[in-house]
Colleague: 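Take a look at this one; I'll ask things after.
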Number of protein chains: 4
Amino acid sequence: MAEGASEAIGGIAAEALQQYVDRIEKLEEEKKALAEDIKQVYSEAKSTGFDTKILRKIIALRRVEEHERKEQEELLDLYKRAIGME
Amino acid sequence: MAEGASEAIGGIAAEALQQYVDRIEKLEEEKKALAEDIKQVYSEAKSTGFDTKILRKIIALRRVEEHERKEQEELLDLYKRAIGME
Amino acid sequence: MAEGASEAIGGIAAEALQQYVDRIEKLEEEKKALAEDIKQVYSEAKSTGFDTKILRKIIALRRVEEHERKEQEELLDLYKRAIGME
Amino acid sequence: MAEGASEAIGGIAAEALQQYVDRIEKLEEEKKALAEDIKQVYSEAKSTGFDTKILRKIIALRRVEEHERKEQEELLDLYKRAIGME
DNA sequence: CTGCCATTTTACCGGC
DNA sequence: GCCGGTAAAATGGCAG
């Protein structure tokens with residue numbers, strides 16, 4: 001079997017599958033690393049006297065506000081297009 | 001008080017808090033971007049004929065295999081330490 | 001209205017709600033009792049000289065092994081169905 | 001090696017360990033079954049038109065009320081003993 | 001009492 | 001568009 005080639009079972013498909021699995025796992029690894037970084041920051045905040053529970057609430061609150069802001073923008077865009085303002 | 005300087009509002013170090021919020025939000029943004037990338041890859045795999053349910057199951061299986069491996073190592077380490085081999 | 005009969009308070013079937021609450025609370029009570037039993041066993045093991053950390057790790061390892069087995073079975077089922085073997 | 005006996009490695013300890021593992025796993029299995037029963041009840045409630053999120057809130061609320069009630073009772077007992085009423 | 005782990009709750013995403 | 005299951009976030013509990 002030639003170098004670099006996947007198993008003959010499934011042929012090309014097996015190789016493509018392998019690549020998808022690899023790509024996904026790599027991305028998930030990076031994602032996990034970021035999750036750990038975030039935990040780290042919370043931990044650091046805690047050690048400097050902040051209440052992480054409240055800090056989390058703040059983050060969550062800002063998240064929904066950001067979400068609302070986007071929805072309003074989208075609504076505005078919709079209106080604009082409706083009256084030919086785009 | 002000089003301009004630009006932070007102060008404690010209600011006993012809270014406002015500037016430090018702001019920085020923590022900023023850092024966390026930045027990391028979460030990156031994390032979210034990665035989540036979207038992952039979704040993208042699944043979508044691409046699907047469009048080239050793969051069954052995403054199977055693909056997800058493969059990823060899940062590999063994840064739990066990795067987890068098992070780690071648990072084994074940790075147990076082994078505990079045994080070693082228990083008999084003074086560390 | 002006859003005594004003992006339920007009625008809809010604010011459009012809610014009060015009696016049915018009460019029964020669901022009762023059933024859930026009863027089950028949760030039993031669940032909590034089991035959690036205490038488990039703690040008890042760990043405590044007993046510790047008092048007879050076992051390292052609970054190792055014991056917990058063994059349990060964790062066996063749990064993840066079982067999980068892996070299930071994932072394998074499920075993946076196999078998916079494969080079978082994919083090739084019309086169901 | 002006689003039937004029914006554990007491996008000689010670790011002698012008696014291995015057998016005792018096995019028993020602890022068995023007992024814990026059995027209890028955890030029962031606990032898991034109860035957790036599934038609870039989910040089942042929520043699901044049933046949902047299918048008869050209840051909002052499970054609110055139902056969960058009710059359960060949680062009653063739990064803290066029960067907790068408060070117990071604390072008050074304990075406080076009362078403390079007072080009683082303090083003045084020789086026990 | 002602090003960090004860690006399990007559980008629980010919430011949010012999301014794909015399928016029907 | 002809902003519903004089911006799946007992953008994320010948050011909370012609580014427990015051991016050290």
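Each chain gets a letter, A, B and so on, in the order its sequence line appears, and its residues count up from 1.
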Colleague: Measure from CG on Leu34(C) to P on dT7(E) and round the result to the nearest Å.
Modeller: 12 Å

Colleague: Does Lys31(D) reach a base, just sugar-phosphate, or nothing at all? Heavy atoms under 4.0 Å.
Modeller: sugar-phosphate

Colleague: Taking atom CZ of Arg69(C) as the centre, does the number of heavy atoms from other residues, nucleotides or ligands within less than 6.0 Å exceed 12?
Modeller: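 Result for CZ/Arg69(C): enclosed.
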
Colleague: Look at the side chain of Arg63(B) and decide which nucleotide, out of dG12(F), dA7(F), dG3(E), has an atom nearest to it.
Modeller: dA7(F)

Colleague: When all nucleic acid strands are considered with a 4.0 Å heavy-atom cut-off, which category describes Lys57(A): base, sugar-phosphate, or nothing?
Modeller: sugar-phosphate

Colleague: Under 4.0 Å, heavy atoms only, any strand: does Lys46(B) hit a base, just the sugar-phosphate, or nothing?
Modeller: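 The answer is sugar-phosphate, as Lys46(B) gets under 4.0 Å only of primed atoms, P, OP1 or OP2.
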
Colleague: With heavy-atom distances below 4.5 Å as the criterion, would you say the side chains of Val41(A) and Asp37(A) are in contact?
Modeller: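 Sidechains of Asp37(A) and Val41(A): no contact.
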
Colleague: Counting C-beta onward and ignoring hydrogens, is there a side-chain heavy-atom pair between Leu76(B) and Lys80(B) closer than 4.5 Å?
Modeller: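 Answer yes - side chains close enough.
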
Colleague: Would you indicate, yes or no, if dA9(F) has its OP1 or OP2 atom less than 4.0 angstrom from a side-chain nitrogen or oxygen of Arg56(A)?
Modeller: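 No, Arg56(A) has no side-chain N/O under 4.0 Å of OP1/OP2 on dA9(F).
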
Colleague: Return the 5'-most residue of the pair Glu28(C), Glu36(B) with respect to DNA chain E, ranking by each residue's nearest nucleotide.
Modeller: Glu28(C)

Colleague: I need the CG-P distance between Leu55(C) and dG16(F), as an integer number of Å.
Modeller: 11 Å

Colleague: Which part of the nucleic acid, if any, lies within reach of Lys53(B) when heavy atoms closer than 4.0 Å are counted: base, sugar-phosphate only, or nothing?
Modeller: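 Answer is nothing: Lys53(B) stays at 4.0 Å or more from every strand.
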
Colleague: When all nucleic acid strands are considered with a 4.0 Å heavy-atom cut-off, which category describes Thr52(C): base, sugar-phosphate, or nothing?
Modeller: sugar-phosphate

Colleague: For residues Gln72(C) and Glu65(B), determine if any side-chain heavy atom of one lies less than 4.5 Å from a side-chain heavy atom of the other.
Modeller: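 SC-SC contact between Gln72(C) and Glu65(B) confirmed.
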
